[in-house]
*Asks:* 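Here's a structure for you.
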Amino acid sequence: AGTSAHLTCSPAIRIRTNKSSATTRRTQGRQVLRPSPRTSTSTLTCSRARATPGIIIPETPRRTKPRIRMATQVASGAATATAAAAAVSVGGRLSPSTAALFVCDIQDKFREVIFGMPAVIDTTSKLVRSAKVLKVPIFVTEQYPLRLGHTVPELKKELAFSRAISKTKFSMYTPELEKALESQNQKLRSKSNQGEGGGIKQVLLCGIETHVCIMQTAIDLLERGYEVHVVVDGVSSQRPTDRAVGLQRLAQMGAYLCTSEMVMFQLCEDSKHPFFKQISAIAKEERPDQLPFNGVSIGGGNL
């Protein structure tokens with residue numbers, strides 16, 4: 001029935017009503033419930049057999065605004081937490097206080113056999129000079145210099161302050177380099193007063209060959225928790241195919257692929273940086289023919 005129907009039940013049955021929204025009157029010994037036309041109604045059935053089922057009683061409207069507000073707050077909090085988690089998970093941020101430059105085996109003996117060697121030398125020169133300006137530590141290795149010669153003259157003058165570590169192992173991460181790296185970390189930690197939380201966390205890699213020494217160095221560094229950034233315009237191999245596949249393997253392992261200019265401006269970070277003009281001048285220098293980069297396939301997509 002609608003709200004206009006008047007239904008009755010025995011006087012013995014007590015009926016609870018909302019005084020503010022319903023009126024009750026007695027007619028010839030019977031109790032009659034009349035619902036208020038201004039409120040919503042719901043149907044309730046009397047519990048005694050003599051009662052007529054379907055008595056209509058008013059129902060107080062439920063407030064939903066506080067719950068909606070609470071749900072909005074919860075959703076907003078969850079979104080904030082998700083954004084914070086996402087921000088923490090982003091990697092690749094370089095800083096002069098936590099980065100180091102590794103120069104791998106750029107020696108005279110390889111000059112005529114490495115694909116795009118002039119570009120490797122030029123890019124490395126830019127990186128070394130930028131690192132010196134920004135006070136980024138530099139580590140240099142030479143592969144079996146007794147037979148393969150020393151670092152090319154174009155870089156030797158700029159690297160005069162850094163003694164090259166001789167090695168026969170393909171990876172740069174030799175016991176001697178590990179010791180030198182730890183010594184540098186101790187110096188950085190003492191300056192920053194950060195204890196074990198300070199020191200070098202990211203390594204910039206340039207040199208040769210991409211698919212051998214660079215790749216094996218990256219493996220050793222990644223396994224030890226370092227963040228590896230491979231400077232694409234500063235690494236090469238004898239054969240372009242080896243270089244290309246080496247870069248793909250590095251990206252698949254979790255190394256970041258970048259360019260020298262990306263590195264320089266990320267380390268600088270702001271045009272108001274006191275050394276920005278010096279870094280900008282280095283980046284604007286003429287360059288030889290650059291090494292190709294046709295993209296790297298990672299997990300079905302292209303980088």
Side-chain angles (χ1 to χ4, degrees), residues 94-111 114 117-192 198-210 212-214 216-218 220-221 224 226-231 233-236 258 260 263-264 266-268 275 278-279 282-283 285:
L94 293 170
S95 168
S97 63
T98 56
L101 174 63
F102 279 26
V103 179
C104 183
D105 308 347
I106 306 180
Q107 296 160 249
D108 248 339
K109 193 75 172 180
F110 300 118
R111 187 185 293 271
I114 295 296
M117 188 67 160
V120 173
I121 295 171
D122 179 73
T123 296
T124 303
S125 172
K126 288 179 170 62
L127 290 171
V128 168
R129 284 179 286 141
S130 298
K132 288 168 69 176
V133 168
L134 297 169
K135 295 180 172 56
V136 173
I138 303 172
F139 298 86
V140 186
T141 60
E142 293 175 344
Q143 180 72 21
Y144 195 32
L146 187 64
R147 293 288 301 273
L148 300 174
H150 296 282
T151 302
V152 296
E154 297 95 316
L155 299 176
K156 203 164 186 179
K157 183 179 179 181
E158 294 164 359
L159 294 169
F161 65 94
S162 180
R163 185 180 68 85
I165 296 172
S166 175
K167 68 183 180 69
T168 57
K169 183 180 178 181
F170 294 128
S171 171
M172 292 181 71
Y173 203 86
T174 62
E176 189 175 354
L177 186 138
E178 184 177 12
K179 186 177 178 180
L181 192 58
E182 182 54 37
S183 175
Q184 183 65 40
N185 277 333
Q186 289 177 359
K187 291 178 184 178
L188 292 172
R189 287 165 187 159
S190 64
K191 286 182 181 179
S192 63
I200 296 167
K201 293 180 174 61
Q202 299 117 2
V203 173
L204 309 168
L205 268 178
C206 63
I208 57 176
E209 289 183 73
T210 312
V212 184
C213 298
I214 296 295
Q216 292 186 36
T217 301
D220 284 338
L221 290 168
R224 288 162 175 80
Y226 288 96
E227 191 177 89
V228 176
H229 297 249
V230 179
V231 185
D233 52 333
V235 296
S236 194
C258 56
S260 56
V263 168
M264 287 187 280
Q266 193 175 3
L267 288 171
C268 200
F275 298 125
Q278 288 174 260
I279 299 300
I282 294 171
E285 292 175 0

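Residue indices begin at 1 and follow the sequence shown.
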*Asks:* Can you name the one residue among Ile165, Thr124, Val103 that meets side chain to side chain contact (heavy atoms under 4.5 Å, CB included) with Val140?
*Replies:*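 Going through the options one by one, the only one that passes is Val103.
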
*Asks:* In this structure, are over 12 heavy atoms from other groups packed under 6.0 Å from Lys109 atom NZ?
*Replies:*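 Open: at most 12 neighbouring heavy atoms sit under 6.0 Å from NZ of Lys109.
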
*Asks:* Give a yes or no on whether the backbone of Gly149 and the side-chain of Gln107 come within a donor-acceptor separation of less than 3.5 Å.
*Replies:*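 Pair found, side chain donor or acceptor close to backbone of Gly149.
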
*Asks:* Is there side-chain contact between Ser171 and Leu221, with at least one heavy-atom pair below 4.5 Å?
*Replies:*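 Result no, sub-4.5 Å side-chain heavy-atom pair not found.
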
*Asks:* Identify, with sequence neighbours excluded, every residue that meets side-chain hydrogen bond (donor to acceptor under 3.5 Å, both in side chains) alongside Thr141.
*Replies:*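 Counting only residues at least two positions away or on another chain, Thr141 forms a side-chain hydrogen bond (donor to acceptor under 3.5 Å, both in side chains) with Asp105.
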
*Asks:* Between the side chain of Lys157 and the main-chain N/O of Ala160, is any donor-acceptor distance below 3.5 Å?
*Replies:*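 Checked: no pair found.
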
*Asks:* Search all heavy atoms of Cys206 against all heavy atoms of Leu101 and return the closest pair with its distance.
*Replies:*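 Heavy-atom minimum between the residues: SG-CD1, 4.1 Å.
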
*Asks:* How close do Gln143 and Leu148 get, counting heavy atoms only, and between which atoms?
*Replies:*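 Heavy atoms of Gln143 and Leu148 come nearest at O-CD1, 3.2 Å.
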
*Asks:* Rounded to the nearest 0.5 Å, what separation is found between the CD1 atom of Ile200 and the NZ atom of Lys187?
*Replies:*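 Atom-to-atom, Ile200:CD1 and Lys187:NZ are 10.5 Å apart.
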
*Asks:* Got a second to check how far Lys126's NZ is from Ile121's CD1, nearest 0.5 Å?
*Replies:*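 Nearest 0.5 Å value for the NZ-CD1 distance: 12.0 Å.
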
*Asks:* Is there a side-chain contact between Lys201 and Glu227, using heavy atoms and a 4.5 Å cut-off?
*Replies:*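 No, too far: nothing below the 4.5 Å cut-off.
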
*Asks:* So does Arg129 pair up with Glu158, basic N to acidic O under 4.0 Å?
*Replies:*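 Here Arg129 pairs with Glu158 in a salt bridge, since their nearest N and O are under 4.0 Å apart.
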
*Asks:* Is there a donor-acceptor contact under 3.5 Å from the side chain of Glu154 to the main chain of Asp122?
*Replies:*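 Here the side-chain-to-backbone pair does not exist.
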
*Asks:* Restricting to non-hydrogen atoms, name the atom on Arg111 and the atom on Met117 that form the minimum distance, rounded to 0.1 Å.
*Replies:*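 Closest heavy-atom pair between Arg111 and Met117: O-CB, 3.6 Å.
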
*Asks:* To the nearest 0.5 Å, what is the distance between OG1 on Thr151 and NZ on Lys156?
*Replies:*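 So the gap between those two atoms works out to 7.0 Å.
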
*Asks:* Calculate, to the nearest 0.5 Å, the distance between atoms NZ and OG belonging to Lys135 and Ser97 respectively.
*Replies:*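 It is 13.0 Å, given to the nearest 0.5 Å.
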
*Asks:* Check Val120 against Gly234 and note the closest heavy-atom contact, atom names and distance.
*Replies:*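 What the structure gives for the nearest pair is CG1-O, 3.6 Å.
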
*Asks:* Counting distance only, does the side-chain N/O of Lys167 pair as donor-acceptor with the main-chain N or O of Lys169 below 3.5 Å?
*Replies:*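 Pair found, side chain donor or acceptor close to backbone of Lys169.
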
*Asks:* Could you check if a side-chain atom of Phe102 sits within less than 4.5 angstrom of a side-chain atom of Cys104, using non-hydrogen atoms only?
*Replies:*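 In short, these two side chains do not touch, never coming nearer than 4.5 Å.
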
*Asks:* Give the table of side-chain donor-acceptor pairs shorter than 3.5 Å for residues 172-179, with sequence neighbours excluded, one pair per line with atom names and distance.
*Replies:*
{"from": "Thr174", "atom 1": "OG1", "to": "Leu177", "atom 2": "N", "distance (Å)": "3.2"}
{"from": "Glu176", "atom 1": "OE2", "to": "Arg163", "atom 2": "NH1", "distance (Å)": "3.4"}
{"from": "Glu176", "atom 1": "OE2", "to": "Arg163", "atom 2": "NH2", "distance (Å)": "2.4"}

*Asks:* Any heavy-atom pair between the side chains of Ile208 and Cys213 that's under 4.5 Å?
*Replies:*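 No, side chains not in contact.
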
*Asks:* Starting at CG of Leu134, measure out to OG of Ser95 and round the result to the nearest 0.5 Å.
*Replies:*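 That separation rounds to 10.0 Å.
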
*Asks:* Taking the side chain from Thr210 and the backbone from Ser236, do they hold a donor-acceptor pair closer than 3.5 Å?
*Replies:*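 Answer holds: yes.
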
*Asks:* Of the non-hydrogen atoms in Cys258 and Asp233, which two are nearest, and what is the gap between them?
*Replies:*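 Closest heavy-atom pair between Cys258 and Asp233: O-OD1, 4.3 Å.
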
*Asks:* To check you understand the geometry: which heavy-atom pair defines the closest contact between Val136 and Ala100, and what is its length?
*Replies:*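 Looks like CG1-CA, 3.8 Å.
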
*Asks:* Rounded at 0.5 Å granularity, tell me how far CG in Leu188 sits from CG in Asn185.
*Replies:*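 Taking CG in Leu188 and CG in Asn185, the distance rounds to 6.0 Å.
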
*Asks:* Is it the case that more than 12 heavy atoms not belonging to Tyr226 sit under 6.0 Å from its OH atom?
*Replies:*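 It does: Tyr226 OH has more than 12 such atoms within range.
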
